[in-house]
Number of protein chains: 2
Amino acid sequence: MDRAPKTQRGTERRAQILRSAEKVIGEKGFAGASIADITRDAETALGTFYIYFASKEQVFRELVDEMGHLTRTVMAGAAAGAPDRLEAERRGLLAFLRFVAERPSLYRIVEQARFVDPEAYRDYFTRFAAAYRDQLRKAEAAGQISAGDAEVRAWALMGIAKNLGDRFAVWEEPRDLEAVADAAFDMIKRGLAP
Amino acid sequence: MDRAPKTQRGTERRAQILRSAEKVIGEKGFAGASIADITRDAETALGTFYIYFASKEQVFRELVDEMGHLTRTVMAGAAAGAPDRLEAERRGLLAFLRFVAERPSLYRIVEQARFVDPEAYRDYFTRFAAAYRDQLRKAEAAGQISAGDAEVRAWALMGIAKNLGDRFAVWEEPRDLEAVADAAFDMIKRGLAP
DNA sequence: TGAGGACCTGAATAGGGGTTCATGTTTGGC
DNA sequence: GCCAAACATGAACCCCTATTCAGGTCCTCA
């Protein structure tokens, strides 16, 4: 891309605008956030935005991608040392809730992609679901969980994580995320147990 | 409201515009749908919209409310004859998936409320969750399901329904909804069984 | 049948915001 | 120190659309 920064200064400015975009779009929504809002938050001039990003859509897409990378990293890290799939589920769920609580804006941005960039939204979740499904099939083959439709299960489990994230990590009235994850996992564990 | 129609003709026109709003906002999103798009679809003049609705937000809110009423009706009807909570879960899930497949626009509109009208969105799901939680507590007291955090379980189960609805009822590649509901219910049943 | 309320119309109003660009300013290498 | 490339600026351009309104048409009821 010919808009990539070529100096240290440019790199920092770009990052600064990206962070403000995350914050402002997360708070006010894609449609409600103007470029002026973003550059105001980033304490830079309006036109500077277009030095680093081709359009409002592009910065949005970049944020969705960032959320994808971060979530994959977080989930992989959480599941890394787990002895089996069920324990990986528990750790992954808790890690997801904590991540969402830390970066609510990124979470909200992904949810907006459903309308702003439907293709990106679909790709995002389809990619997760495919990996998830494969994990479940492996676990099933290893006898760690009962037999079942791995595709449906993957989407069901993702739905649990998403909705609990919404309610207990993004909305106010925050609860102890560990307690939430444990309560949900209790149900999941028995639902999947061999 | 002083915009309520007072004749048969007015009632019909209003309903016509409401249906077009559901269709167009569902397809193009709240921000992407213009009043002109809606009235064009309804085959009426632009200004007619404002005879029956005070603003774009108001028609949106009305659609969210409608989805609430319909969903409650559908779920209540589905669970009506169920012998116990688990069977009610299975029937409710299937009924929800079928309803979403029939009225994808209404489903998409509710999801947009997260950004268009956050308060309505919160109220919508909080109301469902409270009722759901109470059902689970009753079932727990009756020994129909195991003990557990009813609040978390309610949100987890709603998450399953939402995400499966998204994937298997709203997106393309439709699958047999009964098979999807059965596969998910198999996990839920064992997750909640006493 | 005709008066008045209900309803319909679409051009005009009013305002917002994405994007561009001409004009500076800063930086890094020589 | 000097210059070319990078970067910064914000007013201006241009398009879009929510909402209004003045001038009609339709329908009911007396």
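Lettering follows sequence order; numbering is per chain, from 1. If you're wondering where the values come from, they're calculated on a predicted model, not measured in any experiment.
Partners of B/Y121 by ring-ring contact (aromatic ring centres under 6.0 Å, His included), not counting sequence neighbours, listed by chain and number: B/F125. Annotation: side chain to side chain donor-acceptor pair (under 3.5 Å) contacts of A/T126 (sequence neighbours excluded): none. Under the rule for a ring-ring contact (aromatic ring centres under 6.0 Å, His included), B/F185 has no partner lying at least two apart in sequence or in another chain. For A/T44, the side chain to side chain donor-acceptor pair (under 3.5 Å) criterion is met by A/T48, not counting sequence neighbours. Applying the side chain to side chain donor-acceptor pair (under 3.5 Å) test to A/D41 and every residue at least two apart in sequence or in another chain returns A/S20, A/K23. Taking the side chain to side chain donor-acceptor pair (under 3.5 Å) definition, one finds that A/Q8 meets it with A/E12, sequence neighbours left out. Taking B/Y107 as the reference, nothing meets the ring-ring contact (aromatic ring centres under 6.0 Å, His included) condition, with sequence neighbours excluded.
The footprint of chain A on DNA chain D, defined by a heavy-atom cutoff below 4.0 Å, extends from D/dA6 to D/dG10.
Sorted by first and then second residue, the side chain to side chain donor-acceptor pair (under 3.5 Å) pairs with a member in residues 72-83 of chain A form an empty list; sequence neighbours excluded.
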Report, one line per pair, each donor and acceptor closer than 3.5 Å where one atom sits in a side chain of residues 76-90 of chain A; sequence neighbours left out.
from: A/D84; atom 1: OD1; to: A/L86; atom 2: N; distance (Å): 3.2
from: A/D84; atom 1: OD1; to: A/E87; atom 2: N; distance (Å): 2.8
from: A/R85; atom 1: NE; to: A/E89; atom 2: OE2; distance (Å): 3.0
from: A/R85; atom 1: NH1; to: A/Q135; atom 2: OE1; distance (Å): 3.3
from: A/R85; atom 1: NH2; to: A/E89; atom 2: OE2; distance (Å): 2.9
from: A/E87; atom 1: OE1; to: A/R90; atom 2: NE; distance (Å): 3.4
from: A/E87; atom 1: OE2; to: A/R90; atom 2: NH2; distance (Å): 3.2
from: A/E87; atom 1: OE2; to: A/R91; atom 2: NE; distance (Å): 2.8
from: A/E89; atom 1: OE1; to: A/Y132; atom 2: OH; distance (Å): 2.4
from: A/E89; atom 1: OE2; to: A/Y132; atom 2: OH; distance (Å): 3.0

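Near-neighbour residues of DNA chain C inside residues 17-24 of chain A, defined by a heavy atom below 4.0 Å, are absent.
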- Task: Test side-chain hydrogen bond (donor to acceptor under 3.5 Å, both in side chains) on B/T71 and B/R103 and set out the steps.
- Result: CA-CA 11 Å; B/T71 307; B/R103 300 288 285 274; over 6 Å; no

- Query: Using a cut-off of 4.0 Å between protein heavy atoms and nucleotide atoms, how would you tag nucleotides 11-30 of chain C 5' to 3' with B, S and -?
  - Reply: ------SSBB-----SS---

